[in-house]
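Down below is the structure, laid out as structure tokens.
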Protein chains: 2
Amino acid sequence: MVIGMLFGEGKKTLGEQAYEIIRENILALRLKPGQTVYESEFSTMLNTSRTPVREAVRALHIEQLIDVLPQRGMKIALISERKVEETRFVRESLEVSAICKIVDQWEPVQRKYQDLYRALTSNLQSQKEVIQNGDAVQFLQADEAFHRLLLSAIGNATLVSVVSQMRGHLNRVRLLSLQEIPYTEGLVREHEQLLEALQSKDRDRATSILSAHLSRVSEDIQVVKDKYPDYFTD
Amino acid sequence: MVIGMLFGEGKKTLGEQAYEIIRENILALRLKPGQTVYESEFSTMLNTSRTPVREAVRALHIEQLIDVLPQRGMKIALISERKVEETRFVRESLEVSAICKIVDQWEPVQRKYQDLYRALTSNLQSQKEVIQNGDAVQFLQADEAFHRLLLSAIGNATLVSVVSQMRGHLNRVRLLSLQEIPYTEGLVREHEQLLEALQSKDRDRATSILSAHLSRVSEDIQVVKDKYPDYFTD
DNA sequence: TATTGTATACTTGTATTCAAGTAAATGTAC
DNA sequence: GTACATTTACTTGAATACAAGTATACAATA
């Protein structure tokens, strides 16, 4: 009946709130890949009826983060290497297209790009700070914010939303690999290089850095797959 | 209670069936942009309860094809020039990336690409036949099939699905512009040129043809917007 | 012991009921 | 006639009730 009455709470419906909460719990691996779950669990957990839970669960099902077994229950989707590669490709295509557009439009004198530059450097700073306490979740949030800042610059909300949907399928691998091999310094370095390429309007350099940056997950998944075999399928 | 008991009927849920039916009616403009609709309408129309309809409507709302006005009703989403441009950009990025991958992998001796070539030429043939009776909906279906064949070749189901979601926001403009200015011959010609470029493994030509091909909608929308002003917003 | 039929206790899928908000129609005072 | 309060008829949002499929436990039987 009341899920998040605590803080501000825009007029989101209970179903929308449930969606966000459950999704976040899946991506943070608090709900384990392969784990069996039931609508009634979420109902009592969130202190609401099955109806809003159902709405959330259907959306997550469409997003392929939850597998529904009719009349039997649901399972948190296993991580699929194929799906990871598919979403990685889509994400890379879109982010590369976006960065090209930004480089082409980049005019250091314009207020818009000064603000963007400031925001990005500020974000880079907090990335470095976050590294110290070694919290993978926190770093991932900062990383996501960095990419989101860049993408938002081209003013294409649909693209931002598609990319963040793709991210949902990459996040769990990233999370596991980060706490396995903490190469966060390298990632931050690449962010810096990307920003440099942007400033110097070096289109080719920007795209090649970004491509390499986003391709890491394809290598990491192999390592993580061996360490957590029952989180994976195919 | 029974929506499509008629034909084969895979074990889709009523909600999924309702989703497909309503979506198809929106894209075919049988439900007019801006038209007010109610859950109960669809309920009686589909002879089912509000629950499956609700499931369908929520999905369509997430897809931004339906606007929900809490406690007041729903409206079929108006065509937004901004949204059209956003989805066009996403689609172009993804299809261009896909065609690049295909060109790079293209080996005319491989069975896989022989089959693809045959399928594409066969589709081109039916495009030409469809032109004769001047049915815009039929042509759009053939066009969609052509692009889907190409995209499917890279074996990325996620990409195919994202593109088809983007198409949902372009389809209505295409439909209107086709019955306004029937330049279908030009479109078919471009399909042929694309196929030629593919055969000759001319990457740059393929991408430039495809880009131009997919950019048409940006020009068409201006014409259509004047003809059907109350279908549009912004 | 092995097998099979059956009751039972779950699940999700669907229908229905209830709550709460909106807007237009209606009535009333001035 | 006009402004304003109130009723009323609708809507979606949420909760509950019901239907139907699934898997397990277990007893009956060979």
Side-chain angles (χ1 to χ4, degrees), chain A residues 1-6 8-23 26 31-32 34-78, chain B residues 1-6 8-23 26 31-32 34-78:
Chain A
M1 198 178 285
V2 186
I3 289 187
M5 193 66 92
L6 317 173
E9 183 184 30
K11 34 185 153 284
K12 289 201 200 75
T13 130
L14 291 180
E16 292 167 338
Q17 295 177 52
Y19 167 80
E20 290 176 4
I21 293 174
I22 298 174
R23 187 174 193 270
I26 294 175
L31 292 168
K32 306 298 183 191
Q35 179 179 347
T36 305
V37 289
Y38 303 103
E39 292 181 357
S40 52
E41 280 182 40
F42 292 135
S43 280
T44 60
M45 200 91 72
L46 300 172
N47 191 33
T48 179
S49 80
R50 259 185 67 209
T51 308
V53 168
R54 195 128 221 293
E55 186 179 320
V57 156
R58 295 325 283 200
L60 262 359
H61 172 61
I62 292 173
E63 225 175 316
Q64 294 185 44
L65 287 174
I66 285 183
D67 295 329
V68 175
L69 300 80
Q71 264 77 25
R72 285 190 291 147
M74 308 179 294
K75 282 186 188 299
I76 305 301
L78 289 169
Chain B
M1 198 178 284
V2 185
I3 290 185
M5 192 67 92
L6 316 173
E9 181 183 32
K11 34 185 153 285
K12 290 202 200 76
T13 142
L14 291 180
E16 292 167 337
Q17 296 176 51
Y19 167 80
E20 290 176 4
I21 294 173
I22 298 174
R23 186 175 193 271
I26 294 176
L31 293 168
K32 305 298 183 191
Q35 178 179 347
T36 305
V37 289
Y38 304 102
E39 293 182 357
S40 52
E41 280 183 38
F42 292 134
S43 280
T44 59
M45 201 91 70
L46 300 171
N47 191 34
T48 180
S49 80
R50 260 184 66 208
T51 307
V53 168
R54 198 130 219 291
E55 186 180 320
V57 156
R58 294 328 281 203
L60 263 359
H61 173 59
I62 291 174
E63 227 175 313
Q64 295 185 42
L65 288 174
I66 285 184
D67 295 328
V68 175
L69 301 80
Q71 264 79 25
R72 284 191 291 148
M74 307 180 296
K75 281 187 189 299
I76 305 301
L78 289 169

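For the numbers below, each heavy atom of this structure counts, side chains included, while hydrogens, waters and symmetry mates do not.
- The separation between B:L14 atom CG and C:dT12 atom P is 17 Å, rounded to whole Å.
- Among all heavy-atom pairs drawn from B:A77 and B:D67, the shortest one is CA-OD2, 3.9 Å.
- Nucleotide C:dC18 holds its P atom 14 Å from the CZ atom of B:R50, rounded to whole Å.
- When the P atom of C:dT22 is taken as reference, atom CG of B:L69 falls 11 Å away, rounded to whole Å.
- Under 3.5 Å, the side chain of A:Q71 and the base of D:dT22 form no donor-acceptor pair of N or O atoms.
- At the phosphate of D:dA23, OP1 or OP2 sits under 4.0 Å from a side-chain N or O atom of A:R72.
- At the phosphate of C:dA15, OP1 or OP2 sits under 4.0 Å from a side-chain N or O atom of B:S49.
- Across all non-hydrogen atoms, the minimal contact from B:P52 to B:A18 is O-CB, 4.4 Å.
- If you measure from atom OH of B:Y38 to atom P of C:dA23, you get 11 Å, rounded to the nearest angstrom.
- Residue A:Y19 contributes atom OH, which lies 17 Å from atom P of D:dA14 at whole-angstrom precision.
- Nearest heavy atom pair, residue B:E41 against residue B:T36, reads OE2-O, 4.0 Å.
- As a whole-Å value, the separation of B:K12 NZ from C:dT14 C1' is 18 Å.
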>> Between A:F42 and A:L31, does the side-chain contact (heavy atoms from CB on, under 4.5 Å) criterion hold? Intermediate values first, please.
In response: CA-CA 12 Å; A:F42 292 135; A:L31 292 168; 4.1 Å; yes
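- We find that CD of A:E39 is positioned 15 Å from C1' of D:dA14, with the value rounded to whole Å.
- Remark: A:T51 is not in phosphate contact with D:dT16, judged by side-chain N or O atoms under 4.0 Å from OP1 or OP2.
- Atom CD in B:E55 sits about 16 Å away from atom P in D:dA14, given to the nearest Å.
- The side chain of A:T48 sits closest to D:dA15 out of C:dA15, C:dG21, D:dA15.
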